[in-house]
Amino acid sequence: MTDFVRGVRFFIVASLLFAPAAIAQESRSAQLASELVQLLNSMKLDSAAVKLDKDEYAGALYFAGSQLLVVKARYIVPERMDAQLAQKNYRDVYIDLNSASVPASKVLIADLGANGLFARRRENQFDTADLAGKSYSFDGDWGKAKISEQEYTKAFQTSDTEYIRILEALVAQLKKTS
């Protein structure tokens, strides 16, 4: 076997071994976050909201060029939330979900940069997520959070998947109303 073939094999094996770590750092939600931001900007909105299920809602609050805050939760009085949505009071929906929702059902994501979730700190900023009462800072320092790298990666993947689900619903809603 030539040195060239050995080198190619080593490269392939190394790529396969380290691919999960590289994938974990990439954002699957970046494209949808960008699409939502573009819709909000074009519609001159700073918030959006949508009904996901009979008593589950999602809301987003956008600070132009800075961050996208997204919350999803169950709400005990769906009629109130439905009325807010009908009147397009998206900011009020976001505020109510953030403060008066069923706590165990709440997901809160802070996307600094409004560019999708990333598993590691970038440009001196990092994203955060609150899931089922646990808070995560995606700064790449799972040791500081006193969790394993595997737990950190799983929390990021769960957060990004949840974020995608919420962003898809918000984008679809805004496209319907535009």
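Both backbone and side-chain heavy atoms feed into the values below; hydrogens, waters and symmetry mates do not. Fair warning: this is a prediction, and the values are worked out from it, not measured in the lab.
Salt bridge Asp82/Lys54: absent, no basic N to carboxylate O contact under 4.0 Å. Using a 4.0 Å cut-off between charged side-chain N and carboxylate O, Arg165 and Glu168 make no salt bridge. Ion pairing between a basic and an acidic side chain is recognised when a charged N comes within 4.0 Å of a carboxylate O; Asp139 and Lys144 show such pairing.
Counting only residues at least two apart or on different chains, no side chain to side chain donor-acceptor pair (under 3.5 Å) pair has a member in residues 58-67. Every pair passing ring-ring contact (aromatic ring centres under 6.0 Å, His included) that includes a residue from residues 125-150 is listed here, sequence neighbours excluded: Phe138-Tyr152, Phe138-Phe156, Trp142-Tyr152. Within the structure, salt bridge (Lys or Arg N to Asp or Glu O under 4.0 Å) pairs that include any residue of residues 91-115 comprise Asp46-Arg91, Arg80-Asp96 (at least two apart or interchain).
Looking only at side-chain heavy atoms (C-beta outward), Thr161 and Arg28 come within less than 4.5 Å of each other. Contact of the Tyr90 side chain with the Leu40 side chain is not registered, since no non-hydrogen atoms from C-beta on lie closer than 4.5 Å. Using a 4.5 Å heavy-atom cutoff, the side chains of Gln157 and Leu117 are not in contact. The closest side-chain heavy-atom distance from Asp55 to Ile76 is not below 4.5 Å. In this structure, the side chains of Met43 and Thr177 come closer than 4.5 Å at one or more pairs of heavy atoms.
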Derivation and outcome, salt bridge (charged side-chain N to carboxylate O under 4.0 Å, His left out), residues Lys134 and Glu151: CA-CA 12 Å; Lys134 287 188 83 175; Glu151 290 169 310; over 6 Å; no
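Here Gln38 contributes atom CD and Leu174 contributes atom CG; the two are 12.5 Å apart, rounded to the nearest 0.5 Å.
Minimum interatomic distance between Leu52 and Ala169 (heavy atoms only, all atoms of both residues): CD2-CB, 3.4 Å. Contact between Ala110 and Leu69 at its shortest, heavy atoms only, is CB-CD2, 3.6 Å. Of all the heavy atoms in Gln125 and Leu112, the pair that sits closest is NE2-O, 3.5 Å.
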